[in-house]
Amino acid sequence: MIVQCCLNGARPVDWHPRLPVTVEAIVAEAVAAVAAGAAELHLHVRGPDGAETLAPAAVDTTVAALRAVLPGTLLGVSTGAWIERDDDRRLACIAGWQALPDHASVNLAEPGAPAVLELLHRRGIAIEAGLASVADAERLVRLGLAPRALRILIEIDLPQLEEALAAAEAIRAVLARAGIAKPILLHGFDGTVWPFVAHAATHRLSTRVGLEDGATLPDGSSAASNAALVAAACAVLRGA
C-alpha cells in the first residue's frame, strides 16, 4: 500500500494557488509531497506556456530536475492522448525522451493505447495501465497486455459515490476472473477522492491524492498544497 501524489494533472493554471506548472514549482511541490509521505509522484509535464506537453525537451528538463533533488523516488508521467492530440506525435515524443521517467500511465480507453504500451515497454519505462470502466478492463485482458504493467490504475470519474464504487469493484472482478494479480492503485476525483482513499485502505490497495484529483481535505476544507493532501491520505491509511 502506498500513497502516490498526483501533482497537477490537466487542471488549468489558475485552478489552485499551489498548482505547479513551472519546473521550479513542480520540484517544490514534489519535495514537500515526498516529505509528507508520498511514496511516488505522478505529474503532467508542462511546457513554457503552462500547457501540458510530451515534448522531449520539457520532459527531459522536468525529470532531470526532479531526479536531482529526489534521487530514488519513483517518477511517473501521463501520456494522455489529449496532450499532443495526435497519436503519431505522441509516439514520436516518447521515442525522443532522454531523461526517462520510471513509469508512465496509459489510458486503455484510448484507441492508440496498445502502440503507446508497446513503445514504453521497448524503452524500459514501466507502465501504469489506466482503467476507467469495465470495458477498459476487458480490453486489457483481451489484448493480453497486463503482464507488461507495473500496476493497474483503477480511476473512476463518476460523481455518484455508490455508482463509482460499484464500477471500481466491477473492474476488480474482471481482473480477478482473468487471473490478473498486478498491484492496484485506486483513486477517485473531486467528491469521491476521500471515500476512495478509505475504500483503498480497507481493501489494502494503494491510492493517490493531489491537486490533479481534488483540492479538499477529508473535512471538506481547502487543502493548502499537495503535501497537505498527502499527509491526510497517509493518516487515513495509518488509521486503517
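Keep in mind the model is a prediction, meaning the values are calculated, not measured. Only this structure's heavy atoms are used, side chains among them; waters, hydrogens and symmetry mates stay out.
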Sub-3.5 Å donor-acceptor pair from the side chain of [X] to the main-chain atoms of [Y], do we have one?
| X | Y | result |
| --- | --- | --- |
| N107 | E110 | no |
| T202 | A198 | yes |
| S206 | I2 | yes |
| R148 | H121 | no |
| K182 | A149 | yes |
| D136 | A132 | yes |
| H16 | R18 | yes |
| R151 | A129 | no |
| D102 | G76 | no |
| E84 | L54 | yes |

With a 4.5 Å cut-off on side-chain heavy atoms, are [Y] and [X] touching?
| X | Y | answer |
| --- | --- | --- |
| I127 | L150 | no |
| I94 | T79 | yes |
| N8 | L211 | no |
| V209 | V230 | yes |
| I184 | R172 | yes |

Any Lys/Arg nitrogen of [X] or [Y] sitting under 4.0 Å from an Asp/Glu carboxylate oxygen of the other?
| X | Y | answer |
| --- | --- | --- |
| R208 | E40 | no |
| D87 | R90 | yes |
| R177 | E138 | no |
| R11 | D190 | yes |

query = With no hydrogens and no angle check, do the side chains of N226 and E29 hold a donor and an acceptor under 3.5 Å apart?
reply =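 There is such a pair (donor and acceptor under 3.5 Å, judged by atom type) between the side chains of N226 and E29.
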ask   = Parallel, tilted or perpendicular for H187 and F189, by the 30°/60° rule?
value =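 Perpendicular.
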So which atom in [X] and which in [Y] form the shortest heavy-atom distance, rounded to 0.1 Å?
| X | Y | value |
| --- | --- | --- |
| L229 | T216 | CD2-O, 3.4 Å |
| T192 | L158 | CG2-O, 3.6 Å |
| A99 | V59 | O-CG1, 4.3 Å |
| W194 | A232 | CH2-CB, 3.6 Å |
| T73 | A39 | CG2-O, 4.1 Å |
| P101 | I125 | O-CG2, 3.8 Å |

Connected via hydrophobic side-chain network under 4.5 Å: [X] and [Y]:
| X | Y | result |
| --- | --- | --- |
| V69 | L74 | no |
| I171 | L108 | yes |
| W97 | L41 | yes |
| M1 | V193 | yes |
| V77 | V116 | yes |

[atom1]-[atom2] distance between [X] and [Y], expressed to the nearest 0.5 angstrom:
| X | Y | atom1 | atom2 | answer |
| --- | --- | --- | --- | --- |
| I156 | L186 | CD1 | CG | 7.5 Å |
| I154 | F196 | CD1 | CZ | 9.0 Å |
| R204 | L237 | CZ | CG | 9.0 Å |
| L91 | E118 | CG | CD | 10.5 Å |
| L185 | S105 | CG | OG | 10.5 Å |
| L217 | S222 | CG | OG | 8.0 Å |

inquiry  = Applying side-chain contact (heavy atoms from CB on, under 4.5 Å) to R46 and T22, what does each step give before you reach the verdict?
reply    = CA-CA 7 Å; R46 303 295 183 108; T22 67; over 6 Å; no
inquiry  = What verdict does the side-chain contact (heavy atoms from CB on, under 4.5 Å) test give for V13 and V21, after you've listed the backbone C-alpha separation in whole Å, the side-chain angles of each residue and the deciding distance to 0.1 Å?
reply    = CA-CA 7 Å; V13 296; V21 294; 3.7 Å; yes
request  = Report the C-alpha distance between S78 and I83 in whole Å, list the side-chain angles of each, state the deciding distance to 0.1 Å, and finish with yes or no for side-chain contact (heavy atoms from CB on, under 4.5 Å).
outcome  = CA-CA 9 Å; S78 173; I83 296 175; 3.9 Å; yes
key: Worked verdict on V45 versus L43 for side-chain contact (heavy atoms from CB on, under 4.5 Å)   = CA-CA 6 Å; V45 174; L43 65 133; 3.9 Å; yes
task = Decide yes or no on side chain to side chain donor-acceptor pair (under 3.5 Å) for E52 and H44, but give the supporting numbers first.
result = CA-CA 6 Å; E52 296 174 90; H44 292 223; 2.6 Å; yes
